[in-house]
There are 2 protein chains.
Amino acid sequence: MSRKRWRSVKDIRIADVARLAGVSTATVSRVLSEPGKVRQKTHDLVMEAVRRSGYIPNSTAQKLRTRRTMNVLVVAPRLTNPVFAEILRGVDDELTQSGYGIIIGNLDNRREREARYVDLALSRQVDGVLLLTGYIPENGSRDMRESGLPIVAMCAAIDDDKIPKVVVQDREAAQKAVEYLTQLGHRRFGYISGTASSIIEHERFRGFLEGIAAAGFSRDDFVRWEGSFVFSTGVAAAESFLKMKDRPTGIFAACDESAIGFIKRVRRERIRVPQDVSVIGFDGIEFADYTEPTLTTFRQPLHELGRVGADVLMKLIRKDMKPEDWNVRLPLTLLERETTGPVLHKDYKSLRRSTI
Amino acid sequence: MSRKRWRSVKDIRIADVARLAGVSTATVSRVLSEPGKVRQKTHDLVMEAVRRSGYIPNSTAQKLRTRRTMNVLVVAPRLTNPVFAEILRGVDDELTQSGYGIIIGNLDNRREREARYVDLALSRQVDGVLLLTGYIPENGSRDMRESGLPIVAMCAAIDDDKIPKVVVQDREAAQKAVEYLTQLGHRRFGYISGTASSIIEHERFRGFLEGIAAAGFSRDDFVRWEGSFVFSTGVAAAESFLKMKDRPTGIFAACDESAIGFIKRVRRERIRVPQDVSVIGFDGIEFADYTEPTLTTFRQPLHELGRVGADVLMKLIRKDMKPEDWNVRLPLTLLERETTGPVLHKDYKSLRRSTI
DNA sequence: TCGACTTTTGTAATCGATTACATCTTGAGA
DNA sequence: TCTCAAGATGTAATCGATTACAAAAGTCGA
C-alpha cells in the first residue's frame with residue numbers, strides 16, 4: 001500500500017547512525033559490541049538511532065578489521081550421502097551456538113574439485129577447516145595446511161599429528177562384526193568394500209581382517225568385492241556372489257547402502273536373508289530400519305561426531321585446546337536386526353561338501 | 001625435517017609483492033585482475049614476485065572494496081532430507097562454475113533458526129539468496145526481502161511476484177497420480193500428507209483433490225492422514241489404516257519416505273502390496289528403488305531444479321534476467337514400479353459390501 | 001572550589017585490497 | 001629531433017567497520 005519504500009539496508013553505514021545520534025562512530029561501535037563501556041544515556045540514544053535507521057553492521061568490514069570471518073569450511077566427499085549429511089547436522093548445531101557459519105565444500109566424489117576449497121582457505125575466507133575427507137586437500141602447489149588455519153580431521157586417520165582427530169572406532173566395530181558372525185556359526189565370509197582410496201574403508205577392512213584372524217580364519221576364508229559407498233556396489237557384489245559355487249554365508253558390507261543393494265539383489269533370486277545368507281551393514285542410516293528385512297548394522301554416532309568435531313575446532317580457533325581434546329574416538333553401537341541369523345547347519349554342510 | 005617453516009599465507013600482503021617486484025600495489029592488482037592492461041615485462045616481474053612470495057589476495061579486503069562477496073545463501077528446511085541434499089548438489093554444480101560459494105542455512109525443521117540467516121543476508125555476507133523453503137524467512141522485525149538482495153524461490157509458491165520462482169509441477173503430478181490409481185480401478189483413496197505448513201504439501205494436496213474431482217469422486221472417497229515428510233508419518237498412517245473396517249486401496253503419499261514407512265508397516269500385518277493396497281510415492285529418492293517391493297513414484301528433476309535455480313539467481317545478480325527466466329516450472333516423471341497394481345475385483349467388492 | 005583520578009567520548013590510524021585520477025613513458029609521425 | 005596521443009604506471013582515496021590513543025567530562029575528598 002504505502003509508497004514509502006524500505007530503504008535498503010546496505011545504504012546505511014555506521015557514520016549515518018553516528019550522525020543521527022549525535023555521537024562519533026567509535027561510540028556507536030562500542031554500544032554495539034561492548035555495551036558496558038558506554039553511559040546509559042548515550043547507549044539509549046544510539047540504540048534509538050540504530051532502531052530508527054534499521055542499521056545492521058556490514059560484516060565484511062568487520063571481518064577485515066577484526067581478522068575474524070566467523071565462518072568455517074567443511075569439506076565433505078559427497079553431500080547426498082546420508083552419513084555426511086547427518087554429520088553436517090551435528091556440526092551445524094554446534095557452530096550455530098558459537099555464532100559461526102558454515103561454508104560447504106562438497107567434493108561430490110571428484111578430487112579435482114578440492115583445489116577450489118584449498119584456495120578458499122588460503123584466501124582466508126574462513127577461520128578454520130573441518131575435514132570429512134580421508135586426506136588433506138591440495139590445489140596442485142599447496143595443501144590445506146599452508147593456510148595456517150586450524151584444521152580438525154574426522155572420520156579418518158590423517159597422518160599428521162599436528163591435526164587433531166575426532167573419529168569413530170571403525171576398526172574395532174568391524175572386528176566385532178566378524179566376531180558376531182562367527183558366533184552365529186558362519187565359516188565363510190564376504191567383504192563388500194567401500195571406496196578403496198578412502199581411509200575409512202581402509203580402517204574397516206583392517207578391522208575385518210583382524211576379526212578374521214582373531215577367530216582363527218585366514219585369507220582363504222573370505223572373498224572381497226571392490227566398490228564404493230553406494231547401492232550399486234552391493235548389487236554388483238550380489239551378482240558375483242550368485243555366480244559362486246561355494247557361497248559365503250556371512251557378509252560384511254562397509255556401508256549400509258551396499259548392504260541394502262546386496263540384499264535386494266539376492267532376494268530377487270529367491271535367496272533368503274538371513275536363512276541362506278547373513279548380512280551386516282555399517283553406518284546405521286535411517287533407511288536401514290525400513291528395508292525388508294531390517295538391516296543389522298553398526299550405528300555411527302554421526303550427530304555427536306559432528307558436534308564434537310565442531311567443538312574441537314572451536315577450541316582450536318579460540319586457542320583453548322586441552323591435550324585431552326586432541327584425539328577423540330567415539331564408539332559404535334551394534335543394532336541387531338533381521339538380516340543376520342545362525343547358520344542353518346544342514347545347508348551349510350551341503351555347501352561345504354560341494355566344494356571340498 | 002627442515003627447520004624452515006612455511007611462512008603462513010596470511011602474512012603476505014599486496015604491498016609486499018609490490019615491493020618485491022619493484023612496482024606499486026596498483027600494478028600488482030592490475031596484473032592479477034586485468035592482465036591485458038599491463039606490459040608483458042612488468043607482468044612477468046609481478047607474477048614472479050607472486051610466485052616467490054606465495055601471495056594470495058585477502059578475499060575479505062576484496063569483498064569490502066568491490067562490494068561483492070561471491071557467496072550465496074541457500075536456505076533449506078532440513079539437510080538430511082535427500083530431496084534437499086540433491087537439489088543442493090545441482091545448485092553447487094552451477095555456482096561452482098560461476099565462481100560462487102555456498103553458505104548453507106539449514107533450518108533443521110525449526111523455524112526459530114531462520115532469524116540467523118535473515119541477519120546474515122541483512123549484514124551482506126552474501127550476494128543473493130536461494131530459498132528452498134515455502135515461505136520468506138524473517139527475524140522478528142524484518143524479512144529476507146529487506147536485505148535488498150536478489151532472491152530466487154524454489155519448490156514453493158511464494159506469493160510475491162517480485163521474486164522469480166523455479167519450481168516443479170507438483171500439482172499436475174499429484175493429479176496424474178490419482179488418475180493413475182483410478183485407471184487401475186481404485187475407488188477408495190488414502191492421502192498421507194507432508195508437513196502441513198509447507199507450501200509444497202499444499203500444492204500436492206491441491207493436485208490430489210483436483211484428481212479426485214476430475215475422476216468424479218468426492219471428499220467422502222478418501223481419508224487424509226496428517227504428518228510430515230518423514231518415515232514415521234507413513235508408519236502412523238499405516239496404523240490408522242489397519243484399524244479401518246473399510247480400507248482404501250489406493251494410497252498417495254506426499255513423499256517417498258512416508259510411502260516407505262507405510263508399506264513397511266502394513267506388510268508386517270501380512271497385507272500385500274500391491275495386491276491388497278497400492279501405494280504411490282512422490283519425489284523419486286534413490287532408496288525408493290531398493291525397497292521391497294520397489295516403489296512407484298514421481299521423480300522430481302532435483303538436480304536440474306538446483307541448477308536452474310542457481311542459474312536464475314546468477315542472472316539476477318548480474319542483472320541480465322530475461323522475462324522468460326522469471327518463472328520456470330519443471331515436469332516430474334512417473335516411475336511405474338511394483339507398489340501399484342490393479343484392484344483385485346472380488347476383494348474390492350467384498351470390502352465395499354461390508355460398508356454399505 | 002580545586003585538583004587528582006576515573007570514566008566516557010572523540011580523533012584518526014588501521015585492516016588489505018581496488019580504482020579514479022594524475023603523472024610518466026613510449027613510439028609514431030612530422 | 002621534437003610533439004603529442006596512447007599506453008603504462010603511480011598516488012592516494014575509498015570500502016565500513018574497530019580500536020589505540022588523546023581529550024573531555026564526571027566524581028570525590030579536602
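Just so we're on the same page: letters track the sequence lines, and every chain starts at 1. What's counted below: heavy atoms across the whole structure, side chains too, no hydrogens, waters or symmetry copies.
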Practice problem: Please test B:Glu86 against B:Arg89 for salt bridge (Lys or Arg N to Asp or Glu O under 4.0 Å), starting from the C-alpha separation and ending with a verdict. | Solution: CA-CA 5 Å; B:Glu86 186 63 28; B:Arg89 242 188 87 227; 2.8 Å; yes
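- Proximity of B:Glu138 to B:Glu114: side-chain heavy atoms (C-beta onward) are separated by under 4.5 Å at one or more points.
- With contacts defined as side-chain heavy-atom distances shorter than 4.5 Å, the pair A:Leu32/A:Val50 qualifies.
- With contacts defined as side-chain heavy-atom distances shorter than 4.5 Å, the pair A:Leu120/A:Leu73 qualifies.
- Looking at DNA chain D, the stems built from 3 or more consecutive Watson-Crick or G-U wobble pairs, each pair with its key distances under 3.5 Å, are C:1-30 with D:1-30.
- Residues meeting the side-chain contact (heavy atoms from CB on, under 4.5 Å) test with A:Asn139, sequence neighbours left out: A:Ala115, A:Val118, A:Asp119, A:Leu122, A:Ser141, A:Arg142.
- A donor-acceptor contact under 3.5 angstrom links the side chains of A:Asp44 and A:Gln40, judged on distance only.
- A search for salt bridge (Lys or Arg N to Asp or Glu O under 4.0 Å) contacts involving B:Arg329 returns B:Glu172, not counting sequence neighbours.
- More than 12 non-hydrogen atoms from other residues, nucleotides or ligands lie less than 6.0 angstrom from CG of B:Asp320.
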Identify all pairs in which a protein N or O lies below 3.5 Å from an N or O of nucleotides 5-7 of chain D, and state each distance.
none

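- Put simply, the side chain of B:Val72 does not reach to within 4.5 Å of the side chain of B:Leu130, judged on heavy atoms.
- You'll find the side chain of B:Ile14 reaches within 4.5 Å of the side chain of B:Ser29, heavy atoms only.
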Practice problem: Please test A:Lys315 against A:Asp311 for salt bridge (Lys or Arg N to Asp or Glu O under 4.0 Å), starting from the C-alpha separation and ending with a verdict. | Solution: CA-CA 6 Å; A:Lys315 286 179 177 152; A:Asp311 179 53; 3.1 Å; yes
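- Of the residues in residues 29-42 of chain A, those placing a heavy atom less than 4.0 Å from an atom of DNA chain C are A:Arg30, A:Val38, A:Arg39, A:Thr42, in numerical order.
- Rounding to whole angstrom units, CZ of residue B:Arg68 and P of C:dG16 are separated by 21 Å.
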With the criterion being N/O to N/O and under 3.5 Å, what pairs connect the protein with nucleotides 12-15 of chain C, and how long is each?
from: C:dT14; atom 1: O2; to: A:Arg65; atom 2: NH1; distance (Å): 2.6
from: C:dC15; atom 1: O3'; to: A:Arg67; atom 2: NH2; distance (Å): 3.3

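- Between C:dG10 and A:Thr27, a contact under 4.0 Å exists linking OP1 or OP2 to a side-chain N or O.
- Cation-pi geometry between B:Arg68 and B:Tyr100 is not met: the NZ or CZ atom fails to fall both under 6.0 Å from the ring centre and inside 45° of the normal.
- A salt bridge (Lys or Arg N to Asp or Glu O under 4.0 Å) with B:Asp92 holds for exactly one of A:Arg78, A:Arg116, A:Arg113; it is A:Arg113.
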